[in-house]
Amino acid sequence: MNNTPFYICGPTASGKSSLSLEIAEQLDGEIVNADAFQLYRGLEIISAAPSQAEREILPHHLYGVLNPTESADAQRYVTLAKPVIAEILSRGKTPIITGGSGLYLKFLTHGAAPLPTADEALRAEMDARPLEDLVAQLHELDPLEASRTALQNRRFVSRALEICILSGQKASDLRDGWEKQTVEISSQLRGLVIQRTRLDLHARIAQRTRAMLDGGALKEVATLAQVSPNCEKAIGFREVRSLLAGEIDRHTCENLINAATRQYAKRQETWFRREKWLTPKLIA
RNA sequence: GGCCCGAUAGCUCAGUCGGUAGAGCAGUGGAUUGAAAAUUCACGUGUCGGCGGUUCAAAUCCGUCUCGGGCCA
């Protein structure tokens with residue numbers, strides 16, 4: 001029996017959770033989270049994590065395993081996911097890896113380049129410097145990388161620089177060495193990406209936002225005392241905070257969350273469109 | 001009923017002395033290997049409320065009508 005992992009991807013609110021349950025049933029599988037924010041405990045409502053009822057149907061892994069005070073990243077996700085997947089496979093079950101965090105999935109499926117890990121102190125230092133300054137230094141240390149980096153994007157510039165500084169090597173060399181190995185991996189993967197019309201997706205987003213706000217999102221956010229800067233970025237977190245503080249009304253809050261979610265969904269679609277190994281699954 | 005203010009992109013609005021219009025938001029497309037629900041790039045033709053007038057030329061000035069909002073009755 002073929003129990004190689006099965007990936008279920010797609011934009012937020014496209015129905016990944018319920019589809020993954022269906023597919024898990026067909027493939028004798030267990031669900032593994034691939035969502036950056038559903039990793040956190042205490043963000044279940046705002047991150048639209050699977051409900052308690054859904055989790056009781058069959059085993060769900062890597063949901064709510066991190067503290068909101070922690071910061072995750074793609075590498076850490078892989079570190080968490082690999083043993084879980086291996087364990088499921090060892091029992092002869094199929095890992096159904098479900099989520100919308102494109103970068104995390106990419107790391108899991110195609111591996112990580114041999115690059116140095118993020119350095120908080122260095123980042124803080126770089127964040128304090130003007131962008132032009134960082135760009136100039138990158139040009140100096142690694143002209144090739146500078147020439148192919150979006151230099152308006154502070155994140156990308158900082159990261160390239162971080163790699164150069166921490167490794168003492170050129171980011172371009174390290175990255176090129178890795179890219180060459182990725183091509184054949186895709187042919188051994190299986191999975192699907194849910195596609196819906198924008199109209200449909202937008203309607204589902206609106207419906208879900210309303211359900212969140214009616215279903216305890218306010219209480220959830222109010223309860224979260226300390227969160228990492230990472231967690232603060234969850235869509236809905238700031239908006240609900242503003243609502244709780246009386247800065248905006250409920251209607252505005254709902255609209256802001258909807259807009260942010262729609263924009264996120266669009267970025268996810270752009271990402272997954274490039275993942276040619278995923279089979280599109282149109283749902284009308 | 002009278003007077004005043006407003007009507008310009010899907011929304012909120014800007015538009016100088018008349019020279020046929022542009023911001024923000026929304027939306028769309030893209031980039032994206034350790035912050036990724038992040039970060040970032042590109043994309044602006046619309047009966048300038050309708051009709052008429054003045055003018056070489058009207059979003060802009062004049063008249064009138066319609067629809068909002070306000071004030072006075």
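Below, each value reflects all heavy atoms present in this structure, side chains not excepted, and no hydrogens, waters or symmetry copies. Proteins get letters first, then strands, A, B, ... in listed order; numbering begins at 1 in each.
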Applying salt bridge (charged side-chain N to carboxylate O under 4.0 Å, His left out), name anything that partners [X], two or more places apart in sequence or on another chain.
| X | result |
| --- | --- |
| A:D200 | A:R196 |
| A:R76 | A:E70 |
| A:D119 | none |

Which salt bridge (Lys or Arg N to Asp or Glu O under 4.0 Å) pairs, counting each pair once, include a residue from [range], with sequence neighbours left out?
| range | value |
| --- | --- |
| residues 30-51 of chain A | A:E30-A:R91 |
| residues 158-167 of chain A | A:R123-A:E162, A:R159-A:E162 |
| residues 207-223 of chain A | A:R210-A:E254, A:D214-A:R250 |
| residues 275-284 of chain A | A:K106-A:E275 |

Grab the [atom1]-[atom2] distance between [X] and [N] for me, whole Å please.
| X | N | atom1 | atom2 | result |
| --- | --- | --- | --- | --- |
| A:K16 | B:A37 | NZ | P | 10 Å |
| A:E44 | B:A37 | CD | C1' | 16 Å |
| A:Q152 | B:U39 | CD | P | 15 Å |
| A:F272 | B:A37 | CZ | P | 9 Å |
| A:Y104 | B:G34 | OH | C1' | 9 Å |
| A:L134 | B:U40 | CG | P | 14 Å |
| A:E269 | B:A31 | CD | P | 13 Å |
| A:R267 | B:G27 | CZ | P | 11 Å |

Taking atom [atom1] in both [N] and [M], compute the distance separating them and give it to the nearest angstrom.
| N | M | atom1 | result |
| --- | --- | --- | --- |
| B:U66 | B:A14 | C1' | 25 Å |
| B:U47 | B:U64 | P | 27 Å |
| B:C3 | B:C65 | P | 10 Å |
| B:U55 | B:C61 | C1' | 10 Å |
| B:A42 | B:A58 | P | 36 Å |
| B:A9 | B:G46 | P | 11 Å |
| B:A37 | B:A21 | P | 42 Å |

Using a heavy-atom cut-off of 4.0 Å across all strands, would you classify [X] as base, sugar-phosphate, or nothing?
| X | result |
| --- | --- |
| A:A72 | sugar-phosphate |
| A:D119 | nothing |
| A:A36 | sugar-phosphate |
| A:S71 | nothing |
| A:T261 | nothing |
| A:A118 | sugar-phosphate |

Salt bridge flag under 4.0 Å for residues A:R148 and A:D176: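 Between A:D176 and A:R148 there is a salt bridge, with a charged N closer than 4.0 Å to a carboxylate O.
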Should A:E247 and A:R241 count as an ion pair when the cut-off is N to O under 4.0 Å?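 No.
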A:L62-A:L103 co-clustered via ILVMFWY side chain contacts under 4.5 Å: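 They do share one cluster, since a chain of ILVMFWY contacts under 4.5 Å joins A:L62 to A:L103.
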Quiz item: A:K266 side-chain donor-acceptor pair to B:G27 base, under 3.5 Å: no
Phosphate contact (B:A31 OP1 or OP2) by A:T270 side-chain N/O below 4.0 Å: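 Answer is no, no contact under 4.0 Å.
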Among the nucleotides [options], which one has an atom lying closest to any side-chain atom of [X]?
| X | options | result |
| --- | --- | --- |
| A:H202 | B:U39, B:G34, B:U28 | B:U28 |
| A:R198 | B:A36, B:U28, B:A38 | B:U28 |
| A:N153 | B:G34, B:U40, B:A37 | B:U40 |

Assign each of A:G111 and A:G100 to its nearest nucleotide of RNA chain B by heavy atoms, then name whichever residue's nucleotide is nearer the 5' end.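 It is A:G111 whose nearest nucleotide is closer to the 5' end.
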5'-most contact on RNA chain B (nearest-nucleotide basis), A:F107 vs A:I46, goes to A:F107
Can you sort out which residues in residues 230-256 of chain A have a heavy atom within less than 4.0 Å of RNA chain B? Ascending by number, please. A:N230, A:K233, A:A234, A:I235
Report the secondary structure of RNA chain B in dot-bracket form, marking unpaired bases with a dot and bases paired to a different strand with |, and treating Watson-Crick or G-U pairs with both distances under 3.5 Å as paired. (((((((..((((.....[..)))).(((((.......))))).....(((((..]....)))))))))))).
Mind telling me whether A:Y104 and A:Y77 have parallel, tilted or perpendicular rings, with 30° and 60° as the class edges?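 If you compare the ring of A:Y77 with that of A:Y104, the planes turn out parallel.
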Please answer whether the main-chain N or O of A:Q169 pairs with a side-chain N or O of A:S167 as donor and acceptor at a distance below 3.5 Å. yes
Rest of the hydrophobic cluster containing A:M212 (Ile/Leu/Val/Met/Phe/Trp/Tyr, side-chain heavy atoms under 4.5 Å)?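 Answer for A:M212: A:I45.
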Remaining members of A:I165's ILVMFWY cluster at a side-chain heavy-atom cut-off under 4.5 Å? A:L122, A:M126, A:L131, A:L134, A:V135, A:L138, A:L141, A:L151, A:V157, A:L161, A:L166
Just the table, please: protein N/O against nucleotides 24-26 of chain B N/O, every pair under 3.5 Å.
{"from": "B:A26", "atom 1": "OP1", "to": "A:Q263", "atom 2": "NE2", "distance (Å)": "3.0"}
{"from": "B:A26", "atom 1": "O3'", "to": "A:R262", "atom 2": "NH1", "distance (Å)": "3.1"}

What form does the base of B:G34 take, syn (within 90° of 0) or anti? syn
